[in-house]
J.: 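Before we start, here is the structure in question, set down as structure tokens.
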Number of protein chains: 2
Amino acid sequence: MPSTTVEDYLKRLYMLQQQTERRLVSMGSFAAAVGVAPGTATAMVKTLEDSRLVEYESRQGVRLTDAGERLALHVLRRHRLVEQFLVEVLGLDWSEVHPEAEVLEHAISDKVLARIDELLGHPEVDPHGDPIPTPAGDVADRTLASLAECEIGQPMRVAQVLDQDERFLRFADESGLTPGIDLTVESRDDVADAVTVRAGERDAVTVGTSVAAKILVEGV
Amino acid sequence: MPSTTVEDYLKRLYMLQQQTERRLVSMGSFAAAVGVAPGTATAMVKTLEDSRLVEYESRQGVRLTDAGERLALHVLRRHRLVEQFLVEVLGLDWSEVHPEAEVLEHAISDKVLARIDELLGHPEVDPHGDPIPTPAGDVADRTLASLAECEIGQPMRVAQVLDQDERFLRFADESGLTPGIDLTVESRDDVADAVTVRAGERDAVTVGTSVAAKILVEGV
DNA sequence: GATGTAATTTTGATTAGTCAAAATGAGTAA
DNA sequence: TTACTCATTTTGACTAATCAAAATTACATC
Ligand SMILES: [Mn+2]
Ligand SMILES: [Mn+2]
Ligand SMILES: [Mn+2]
Ligand SMILES: [Mn+2]
């Protein structure tokens, strides 16, 4: 029933909300995230408000209602299950599935989604380690540290990579920074703005802090 | 690049053309097949003509150009491969895949399509026995007889079922009239407008001629 | 040839989604 | 207070896709 466009707006809003205090998202950041002109976002937010999918206070910001969040999580579930499917069943590379899923997430029926979920054995995360919401709309919230802040010298395991960019993901792959890989942070240099990690037998890899911040790890 | 709407118009036009002499399709039948008002079809045909996807002579009819046919066959290929995939890989029933494919055919990239094709072992027909166009746009044209006209008493094999309706397909399934099944036409009664067929050990099944005409068979 | 019918095209409107640019307003600095 | 700045909203316009209903036209019939 909701259009592809509406689904994308809601999904974006959900993701933005996760990073804001009081879940309130400014029109400016919303428009930028969706990739439309500010006035377009204002217009769309008003129609979403009419459909009771968001709450909106002029000049204050916008936030999802419960119905809106439910829908957003449903889209997110489709997106991530599709990504996992494309990698596990069709053998695509994790660096190329995001744009595919961005389209397919709007074309998968509940029935097909359920079959995919089954075929994959009800996975909890997608190829990037992003948690897959349950059909009921629950999202596991692990509190993960990033390579930029975790303890030095402790054995860690990569759990999640916070960037869908194709080039970034290929780089992460080549550097052995993919979900499931065990490693330790060898050193951190604030002046050089760099972090050095070692994964098993591999050569140590040094990356800038902004990249380190996108690799989330859990204790092992 | 072409919209979902354009893809559907072209696919429909291709299928209609197959049934007309000189490949010329009247506006009335085109509009009806797509399910829009006559004026809507006229408007769309004009924009398709601007894109050189169809030839159009006012009050005469419309026909695909080579470029239009190429595109139509590409959509048809996606549609049928998706149907086959849904049945073979995800285990959906052949009676329910058509509407799913009607949406998914617009959301599958060339890359994903190639992987699906590979995973399925390059099938030549979809679950209904419809031929799957090659990537180059070639369609195998078998000349099949239907149960309404084939020879009586000869061993035959069901090759294709010409109706995507869910209820019809469930009925065909229950009657054992699915692609691959061997059978013989026992008798044909013009007065009763009925055809009786027997498949292996099963009880004989009698159907009306209009149904018999939708079940295509090949000699075995 | 005149006329009637039915298919087709044209016209006028509508909805969803979008942008550019003008108008507005809330908060900051003076 | 008064001004200024920058985010936000409003306005006016556009495209794709659609429909209902009026106008046109090709064709068959008388
Ligand atoms: Mn999307
Ligand atoms: Mn992902
Ligand atoms: Mn379709
Ligand atoms: Mn089919």
Side-chain angles (χ1 to χ4, degrees), chain A residues 1-13 16-17 19-64 68 71-72 75 102-103 105-107, chain B residues 1-13 16-17 19-64 68 71-72 75 102-103 105-107:
Chain A
M1 185 109 32
S3 68
T4 290
T5 310
V6 165
E7 289 191 342
D8 278 332
Y9 273 88
L10 294 175
K11 193 186 58 172
R12 282 270 145 242
L13 183 52
L16 275 183
Q17 271 192 176
Q19 306 162 11
T20 62
E21 72 302 350
R22 293 183 44 245
R23 306 280 97 126
L24 197 64
V25 173
S26 74
M27 282 319 217
S29 58
F30 192 23
V34 179
V36 295
T40 306
T42 302
M44 176 55 87
V45 161
K46 283 180 178 174
T47 80
L48 294 176
E49 191 188 25
D50 290 344
S51 318
R52 307 188 184 287
L53 295 169
V54 304
E55 292 169 24
Y56 166 56
E57 211 54 69
S58 188
R59 284 179 145 110
Q60 299 290 292
V62 61
R63 94 163 44 93
L64 290 167
L71 235 163
V75 181
E102 200 58 57
V103 178
E105 66 189 354
H106 311 290
Chain B
M1 185 111 30
S3 68
T4 290
T5 310
V6 165
E7 289 191 342
D8 279 332
Y9 273 87
L10 294 176
K11 192 185 57 171
R12 281 271 144 242
L13 183 51
L16 275 183
Q17 270 191 177
Q19 306 163 9
T20 61
E21 73 301 351
R22 292 183 44 246
R23 307 278 100 126
L24 198 63
V25 173
S26 74
M27 282 319 216
S29 58
F30 192 24
V34 179
V36 296
T40 305
T42 302
M44 175 55 86
V45 161
K46 284 180 178 175
T47 80
L48 293 178
E49 192 189 25
D50 290 343
S51 317
R52 306 184 185 290
L53 294 169
V54 304
E55 290 169 27
Y56 166 57
E57 212 52 72
S58 188
R59 264 147 175 136
Q60 299 291 290
V62 60
R63 104 167 31 99
L64 289 168
L71 233 162
V75 181
E102 201 56 58
V103 179
E105 65 189 355
H106 311 291

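Just so we're on the same page: letters track the sequence lines, and every chain starts at 1. These numbers come from a predicted model, not from an experiment.
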J.: In B/S/- notation, 5' to 3', how is nucleotides 3-11 of chain D contacted by protein heavy atoms closer than 4.0 Å?
T.: ----BBBB-
J.: Quickly work out the A:H106 NE2 to C:dA16 P distance and round it to whole Å.
T.: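 Result: 18 Å.
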J.: If I take atom CE in residue A:M44 and atom P in nucleotide C:dC19, what distance separates them, rounded to the nearest angstrom?
T.: 11 Å
J.: By the 4.0 Å heavy-atom rule, please label B:F30 as base, sugar-phosphate, or nothing.
T.: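 Nothing: the residue B:F30, judged by heavy atoms under 4.0 Å, touches no strand.
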J.: Calculate the interatomic distance between B:E7 atom CD and D:dA17 atom P; express it in whole Å.
T.: 11 Å
J.: Calculate the interatomic distance between B:D8 atom CG and D:dA16 atom P; express it in whole Å.
T.: 17 Å
J.: Strictly under 3.5 Å: I want the nitrogen or oxygen pairs between protein and nucleotides 2-5 of chain C, one per line.
T.:
none

J.: Which pairs pass salt bridge (Lys or Arg N to Asp or Glu O under 4.0 Å) with one or both residues in residues 20-41 of chain A, sequence neighbours excluded?
T.: none
J.: Is the shortest heavy-atom distance from the side chain of A:L13 to the side chain of A:Y9 under 4.5 Å?
T.: no
J.: Taking all non-hydrogen atoms of both residues into account, name the closest pair between A:G61 and A:L24 and its distance.
T.: C-CD1, 3.8 Å
J.: Applying the side-chain contact (heavy atoms from CB on, under 4.5 Å) criterion to A:L48, which one of A:L53, A:L64, A:V62 satisfies it?
T.: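 For A:L48, the side-chain contact (heavy atoms from CB on, under 4.5 Å) check succeeds only for A:L53.
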J.: Which pairs with one or both residues in residues 35-61 of chain A pass salt bridge (Lys or Arg N to Asp or Glu O under 4.0 Å), sequence neighbours excluded?
T.: A:E55-A:R63
J.: Please examine the side chains of B:T4 and B:V103, heavy atoms only from C-beta on, and report whether any two atoms are closer than 4.5 Å.
T.: no
J.: Quick one: side chains of residues 25-40 of chain B, donor-acceptor pairs under 3.5 Å with protein atoms, not counting sequence neighbours, listed by atom name and distance.
T.:
| residue | atom | partner | partner atom | Å |
| --- | --- | --- | --- | --- |
| B:S26 | OG | B:S29 | N | 3.3 |
| B:S26 | OG | B:S29 | OG | 3.0 |
| B:S29 | OG | B:S26 | O | 3.1 |

J.: Please state how far atom CG in B:L48 lies from atom P in D:dT18, giving the value in whole angstrom units.
T.: 11 Å
J.: With sequence neighbours left out, what residues match B:Q17 under side-chain hydrogen bond (donor to acceptor under 3.5 Å, both in side chains)?
T.: none
